[in-house]
Amino acid sequence: MLAATARGTTRWSRAILVSPLGNGLYRHKNTKPVSTARGDGGRSWKLSPVRTRVRVLGGLVPGCRRTALPELLDETADYIGALEMQVRAMTALSKILSEFQPSDKLGSAL
């Protein structure tokens with residue numbers, strides 16, 4: 001819902017709106033082993049701890065897998081704000097729905 005509200009103005013909202021499943025959880029499964037998919041003959045490259053964390057962060061924010069660090073940080077801040085709004089909305093909705101629990105009389109009739 002928040003992606004629709006953002007109207008595609010951010011990378012993460014566009015990624016969620018365009019995803020085939022509509023939930024941003026669609027991932028392609030790589031069928032080849034990593035060494036053959038990279039084409040470097042099986043050599044592994046060690047990334048610095050900062051690069052590793054930036055890469056992980058880019059994978060967490062929809063649409064930011066291959067984004068430059070400054071843009072990634074902006075998108076991450078915006079995405080965190082959107083997630084906080086979503087949590088607040090869901091909390092308010094759960095409080096409203098918890099007030100309207102079905103009575104025991106209706107449950108015993110079933």
Side-chain angles (χ1 to χ4, degrees):
M1 185 63 166
L2 289 174
T5 306
R7 295 186 180 143
T9 57
T10 59
R11 282 178 156 284
W12 65 264
S13 63
R14 284 191 301 271
I16 291 173
L17 292 173
V18 174
S19 72
L21 297 179
N23 61 8
L25 298 177
Y26 182 75
R27 299 280 187 255
H28 292 286
K29 292 189 178 188
N30 191 1
T31 56
K32 295 181 180 178
V34 176
S35 62
T36 59
R38 280 196 318 248
D40 62 358
R43 292 179 301 216
S44 62
W45 296 94
K46 183 161 177 138
L47 296 175
S48 71
V50 174
R51 278 189 101 169
T52 303
R53 289 179 180 164
V54 168
R55 182 177 250 177
V56 169
L57 181 61
L60 291 174
V61 179
C64 293
R65 195 169 289 261
R66 294 183 180 155
T67 314
L69 182 60
E71 187 176 357
L72 175 63
L73 294 177
D74 287 340
E75 291 288 329
T76 302
D78 186 55
Y79 188 57
I80 289 171
L83 289 176
E84 287 175 344
M85 285 191 292
Q86 190 172 8
V87 167
R88 278 189 237 130
M90 291 174 70
T91 302
L93 185 60
S94 69
K95 285 181 183 178
I96 291 170
L97 292 176
S98 67
E99 294 175 3
F100 296 108
Q101 291 180 353
S103 66
D104 288 334
K105 293 178 186 176
L106 182 63
S108 63
L110 298 174

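Everything numeric in this text was worked out from a predicted model, so none of it was measured. Both backbone and side-chain heavy atoms feed into the values below; hydrogens, waters and symmetry mates do not.
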| Transitively linked via ILVMFWY side-chain contacts under 4.5 Å: Val50 with Leu69? | yes
If you take all heavy atoms of [X] and [Y], which pair is closest and at what distance?
| X | Y | value |
| --- | --- | --- |
| Glu75 | Thr10 | OE1-CB, 3.4 Å |
| Ala15 | Pro62 | CB-C, 3.6 Å |
| Gly58 | Leu72 | CA-CD1, 3.7 Å |
| Leu60 | Tyr79 | O-CE2, 4.1 Å |

How many angstroms lie between atom [atom1] of [X] and atom [atom2] of [Y], to the nearest 0.5 angstrom?
| X | Y | atom1 | atom2 | answer |
| --- | --- | --- | --- | --- |
| Leu83 | Asp78 | CG | CG | 9.5 Å |
| Arg55 | Arg66 | CZ | CZ | 8.5 Å |
| Leu93 | Arg88 | CG | CZ | 15.0 Å |

| said: Quick one, Leu57 and Arg53 - any side-chain contact, counting heavy atoms below 4.5 Å? | reply: no
| Below 4.5 Å, heavy atoms only, C-beta onward: do Arg11 and Thr67 meet side chain to side chain? | yes
